[in-house]
Structures are given as C-alpha cells and as structure tokens.
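In the text below, chain A, chain B and the rest are named by the order of the sequence lines, each starting its count at 1.
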2 protein chains.
Amino acid sequence: MRQAVARCETMNHLLTVSALAIALLPSAAPAQDAPSPNAIVAAAPAADWQAISAEDLLVMELAPDRDGNDRRVVIQLMPPPFSQPWVENIRILARAGWYDGVSINRVQDNYVVQWGDADAEDAARARALPGDLNPIGAKQYLQISTAGAEGAIVLWHPKQSLVDSYADWAGFDAGWPFAFEIDENTRRLSRWPVHCYGMVGVGRGYSPDAGSGAELYTVIGHAPRHLDRNIALVGRVVEGIEHLSSLPRGTGDLSFYEDPAQRVPIRSVRLAADLPESERPAFEYLSTESASFANYADARANRRDPFFIKPAGGADICNIPVPVRQAGAG
Amino acid sequence: MRQAVARCETMNHLLTVSALAIALLPSAAPAQDAPSPNAIVAAAPAADWQAISAEDLLVMELAPDRDGNDRRVVIQLMPPPFSQPWVENIRILARAGWYDGVSINRVQDNYVVQWGDADAEDAARARALPGDLNPIGAKQYLQISTAGAEGAIVLWHPKQSLVDSYADWAGFDAGWPFAFEIDENTRRLSRWPVHCYGMVGVGRGYSPDAGSGAELYTVIGHAPRHLDRNIALVGRVVEGIEHLSSLPRGTGDLSFYEDPAQRVPIRSVRLAADLPESERPAFEYLSTESASFANYADARANRRDPFFIKPAGGADICNIPVPVRQAGAG
C-alpha cells in the first residue's frame with residue numbers, strides 16, 4: 001500500500017536519480033530458494049563494481065587497543081558537488097599531518113563518535129590549523145542542500161524511489177544515499193546526502209560557524225536524520241567502523257570523555273594516495289545504477305530468503321547500505 | 001511537503017492512536033530560545049510520567065568488565081496484547097534461574113547483540129528448558145501483527161501520524177512505537193511493534209520454529225525494520241544498553257564469537273518484582289498520550305533549538321525514542 005508521495009502530473013528535467021527497482025507494492029510470497037541480499041551482492045559481476053579513487057580514501061590509524069591489536073579505519077570522501085570545501089580541507093589537514101596525535105573525544109551511544117583536537121576551545125593549547133584551509137561560512141549549508149540539482153524544476157517524481165520520513169522521497173545516485181524535496185512554491189528540486197550509519201560529518205559550533213573539517217564525527221546509531229542540512233556530510237566509513245562503534249561510551253556532557261586518559265589517540269590520518277603502494281588500501285562500491293544493486297535493494301525491501309515470513313514491502317534508505325568491499329575481493 | 005499517506009475519505013472506528021501533534025508541514029523559522037527535546041522532557045510535570053510495573057522489568061547482570069565494573073542491563077517487557085506467550089515464558093525462565101550462567105554469544109555491528117545458551121543446538125550439552133513454557137507456533141507471528149486492532153475497519157487514518165517507510169503510517173500508543181497498515185481489500189487495520197534501537201526480540205530458527213524466549217537479542221544499530229512481523233518483539237532496554245552496544249564485535253558467521261572465551265557471561269536475570277526492595281529498580285516512561293510527549297515529538301521532528309538551521313519537518317518513528325527514566329528522577 002506504500003507509495004512515495006502523491007504522484008503529480010509529469011513533465012520535465014529528468015534527474016540523475018538511480019533507476020532503483022524497489023517494489024513498493026506488497027510483494028510476492030516468499031520463495032524457498034530466493035537469494036538473500038548478501039548473496040545477490042556476492043554474485044554481482046565485476047563490471048558492476050566501481051573503483052574508489054585513492055584520492056578519496058582516508059586512512060585513520062588509531063593507537064592499538066589494550067591487547068595490542070591495530071585499529072585501522074578507512075573513510076571514503078564524498079565526491080563533487082557535495083561539501084567540497086570541507087573535503088578539500090580534510091585533504092589539506094591529512095597531508096599536513098595535522099590529525100596525527102589528535103584523539104577520539106566523544107562517544108555517545110546510539111548517536112556519534114567524534115574526533116579532533118581535544119584542546120580546540122582552549123586558545124592557549126589549541127593546535128594551529130594550516131593557513132591554506134578554505135574559509136567556510138554558514139551559507140554553504142544551503143549549497144549542500146541544493147548541490148547537483150540547481151535550476152531543475154520538477155513536477156514529477158521518479159517512480160522508483162523510497163518513502164522517506166524526512167523528505168519527499170529518497171534514492172541513490174553514484175553510490176551515495178540522498179533525500180529529495182520539491183519546493184512547493186517554485187517546484188524546484190533540492191537533494192542532500194543523508195545521515196545514515198557510518199556517514200562522516202563536520203563538527204561545528206553554533207551557526208554561523210560551519211566547521212573547518214578539523215573536527216569530524218561518524219554515526220554509530222539509528223540515522224540522526226534531523227542533522228541533514230544542518231551539518232555538512234563529507235564521507236562514510238567503509239572499513240573498521242567497529243573500532244569506533246565499540247568504544248566505551250563517554251560519561252561527560254554530550255558523552256565526551258570526562259577523563260583525558262579515556263581519549264583514544266589517533267596515530268595518523270593519511271590519504272591512501274599518499275601511502276606507499278604496499279600499504280595502500282583499495283576499495284570498490286556496487287554501482288547504484290547497476291541491475292545487481294536494484295536486485296539487492298529490492299531484496300532488502302522484500303526479504304524472501306528462507307528465514308523470513310513477511311516481506312516488508314518497503315525500506316528506509318539507511319537500511320539499504322551501499323555495498324563496499326576491498327578491491328579484488330570478488 | 002510531507003504527508004503520511006493520501007488521505008482517504010473519513011469514517012469509522014477510532015483507533016487507540018496517540019494524539020501526536022507532529023507538525024508534518026514545513027515548520028516555523030528557528031526561534032532563538034526554543035527548548036530542545038531534552039529540555040521539554042525535563043520540564044514535564046510528574047503527572048505525565050507513568051510507572052512501569054516491577055513485574056515488567058527484567059534485571060540482567062553481566063559478569064563485571066575487565067576493570068571490575070558492574071554491568072547491569074534493565075529491560076522493560078512488552079504489555080498485552082503483544083507477544084504475551086513469549087513474555088510469560090521469559091518470566092518463567094527468569095524465575096527458574098534458567099538464564100543464570102548463559103552468555104552473550106553474538107555481537108554484530110549495526111545490527112544486534114544476542115544472548116542465550118551457547119550450546120542450545122548441541123542436544124548433549126544444551127541446558128534443559130523448564131517444562132511449563134508456553135509452546136508457540138508460527139501462527140502466533142500473525143497474532144502479533146494484528147493484536148489490539150482485530151476487527152477495526154478503517155477508511156481513515158489519523159492526521160497526527162508519522163510517515164513510515166515500512167507501513168501506511170507509524171505512531172505511539174501507551175508508551176510504545178507501532179507501525180500501522182490497512183489491508184487494501186478488507187480495509188482492516190493491523191498494527192505491530194517496531195524494531196527500533198534497543199528493542200528486544202526472540203531469537204528463533206527457520207519457520208515454523210517461533211522461539212521460546214530462551215534466546216534473546218537487542219538492536220544496536222539502525223532500526224532493522226525488515227524484522228518486523230518476522231520476529232516477536234518482547235520488550236526494550238531501558239538502562240545499560242551501552243554494556244551491550246560497546247562489546248567487541250564477533251568475527252564468526254553472523255558475528256557470533258568464534259572463541260568461547262570471548263562470550264560474556266550473564267550472572268543472573270531476575271524480575272525486578274523478585275528482587276529485595278533495596279535492589280529493585282523503578283522506572284517510569286513519559287506518557288505518549290501527554291502534551292509533554294506531543295511537544296517532545298514535535299521538537300524531535302522540528303529542531304528549533306539554537307544549533308539547528310533547518311528543522312526537518314518530519315521524523316522517523318525510531319528517531320523519537322520514548323523517554324524512560326528512573327522513578328523519582330524528576
């Protein structure tokens with residue numbers, strides 16, 4: 001019975017929305033041998049996988065855990081046109097070694113893990129930022145929300161889209177999850193990347209402060225979508241999120257660690273492109289424009305593999321994580 | 001621009017849906033001094049808080065952590081008419097001391113923590129279940145999905161409801177989150193409790209196995225709503241979920257712990273009603289029928305406190321957690 005929004009009369013600019021074949025109507029009865037979403041991904045042909053540029057991969061090494069185990073977290077940076085002033089700042093900060101020696105300072109259950117300079121608000125002790133960072137003003141939040149869709153006037157919305165609690169609909173484009181909204185008066189479209197589990201954003205103070213990219217966080221709970229269009233998203237964790245999500249929760253205000261000894265030191269943050277080839281990770285994502293992804297998304301929305309009794313007939317955008325894997329894993 | 005579903009002509013049986021005053025239309029501009037959701041909850045009068053019966057609270061004591069700290073998890077069991085055969089079994093198992101000495105065996109990132117008898121599938125070593133458990137068949141899943149709404153014929157849906165990706169709409173009743181659906185042919189309503197962060201459900205094998213309540217799990221990631229109507233929900237964690245969500249992730253199949261030494265022993269599980277008065281926890285929840293809750297939910301959907309630039313104009317049911325606190329904390 002689910003439909004994304006009342007369908008308006010069609011017309012106009014076609015958008016770069018994935019042709020996502022999610023069955024929004026009640027689905028067929030479970031088949032005994034229907035493949036699981038994971039099985040669909042495992043069977044995807046190599047051509048359906050897109051390499052992620054080494055310029056878009058950030059490798060964060062935490063201090064080893066209590067048992068001496070390495071803890072590596074790999075983050076994929078967001079492609080243009082979204083949040084690029086911050087993304088460029090993050091590359092500058094990583095290349096300057098600025099993040100080396102900062103720490104994870106906040107772990108809030110069902111919300112975020114946050115890292116940066118614990119002394120950032122103490123002028124006498126704060127770590128100086130490189131001089132060549134892009135200055136970013138509050139207006140750039142608006143750019144995030146409309147990037148990629150400027151000028152489009154939409155009287156139509158795509159049939160293959162997801163019902164969304166925060167927007168007119170949701171869908172995927174070029175490997176990332178987005179929400180879409182049409183302005184009631186101008187019929188202009190805006191779209192924005194969404195705060196799903198594992199997405200990485202830019203810490204900031206009260207507006208007009210917009211953050212620089214020196215303070216970052218990732219989502220470790222139910223998607224805090226109320227942050228969409230309020231904080232810049234700059235990427236997502238593609239490996240090692242368990243090193244962040246399983247950290248002890250902070251007990252101070254906003255779940256910051258009360259005792260500096262609880263902070264987790266960050267040894268280094270590097271762009272993969274800057275690492276020696278032997279240490280350079282390589283990842284690829286399942287093209288959200290591929291038939292494999294459409295089948296995977298449909299199976300996430302309508303589980304027909306044997307464990308399931310009642311396929312849902314729909315899915316939340318954040319419950320269809322875009323598959324990402326180490327290159328060559330197929 | 002968001003509306004729950006196309007509004008059909010009205011008529012009929014009014015439902016026990018909360019009069020939830022969520023503004024689904026674009027909200028007013030942020031006010032400098034608008035209270036945060038937490039501030040609204042903190043200001044709620046005592047009369048808006050509902051005590052939770054000690055018969056409905058399950059106290060699970062894990063073995064101390066590596067530093068010797070206690071780890072207590074408190075679970076609120078689900079009230080009638082939902083899942084009561086399993087809920088009764090859980091009370092029987094707790095009163096028999098059956099859970100004492102079982103363990104946490106599975107921790108899957110962004111999904112679930114699961115506990116029970118690690119040897120349950122080894123007939124020679126499995127812990128015997130009490131003889132007086134309710135036998136439960138697959139048919140009872142259907143009862144879950146319609147409980148509380150049998151016979152209601154609905155041509156109407158409540159104005160104050162949430163857009164939902166998995167159902168016709170979502171809302172709150174008596175302190176719990178539900179999804180609602182109207183059968184297209186019969187116009188009959190069904191509703192079911194939903195898999196939000198912290199909800200507790202009953203592990204089971206392939207259908208027709210329906211589980212007994214001896215094997216339980218809780219959600220520690222983005223709401224896995226595809227499990228709704230496929231697995232019985234029996235409660236939610238109201239305190240101490242961080243002792244579960246921050247455990248190391250398992251590395252075996254389905255993220256079970258590979259090495260038995262990684263399992264976390266459960267010392268005891270007791271009903272609060274069976275504990276000595278001095279050890280008995282007492283909790284209360286914010287009535288979902290109260291004006292305070294309506295204001296809180298509206299503020300979750302439309303953040304107007306100073307940090308926010310763009311109120312969302314809507315919210316996912318699982319992003320409006322029902323406030324629960326220790327009794328007397330107000």
>> So which residue, A223(A), A179(A), G221(A), P224(A), ends up with the most heavy-atom pairs under 4.5 Å with chain B?
In response: A223(A)

>> Within residues 195-205 of chain A, which residues come under 4.5 Å of chain B, heavy atom to heavy atom?
In response: Y197(A), R204(A), G205(A)

> F178(A) and W169(A): side chain to side chain contact (heavy atoms under 4.5 Å, CB included), yes or no, with the steps?
Replying inline: CA-CA 9 Å; F178(A) 292 97; W169(A) 72 87; over 6 Å; no

> Can the positive tip of R263(A) be found less than 6.0 Å from the middle of the six-membered ring of Y257(A), inside 45° of the ring normal?
Replying inline: no

> Who pairs with P208(A) by side chain to side chain contact (heavy atoms under 4.5 Å, CB included), at least two apart in sequence or on another chain?
Replying inline: A138(A)

> In terms of heavy-atom contacts, does CG of D253(A) have more than 12 from other residues, nucleotides or ligands at under 6.0 Å?
Replying inline: no

> Taking atom OH of Y296(B) and atom OG of S36(B), what is their separation to the nearest 0.5 Å?
Replying inline: 10.5 Å

>> Please confirm whether the ring centroid of Y166(A) lies under 6.0 Å from the ring centroid of F180(A).
In response: no

>> Regarding D70(A) and R72(A), does a basic nitrogen lie under 4.0 Å from an acidic carboxylate oxygen?
In response: no

> What heavy-atom pair brings L233(B) and P193(B) nearest, and what distance separates the two atoms?
Replying inline: CD1-O, 3.5 Å

>> Heavy-atom pairs under 4.5 Å with chain A: which of E242(B), H226(B), R225(B), H243(B) has the most?
In response: H226(B)

> Which of the residues D109(A), V107(A), N110(A) is involved in the greatest number of heavy-atom pairs with chain B at under 4.5 angstrom?
Replying inline: N110(A)

>> Out of I317(A), I220(A), V219(A), D316(A), return the one with the most heavy atom pairs under 4.5 angstrom to chain B.
In response: D316(A)

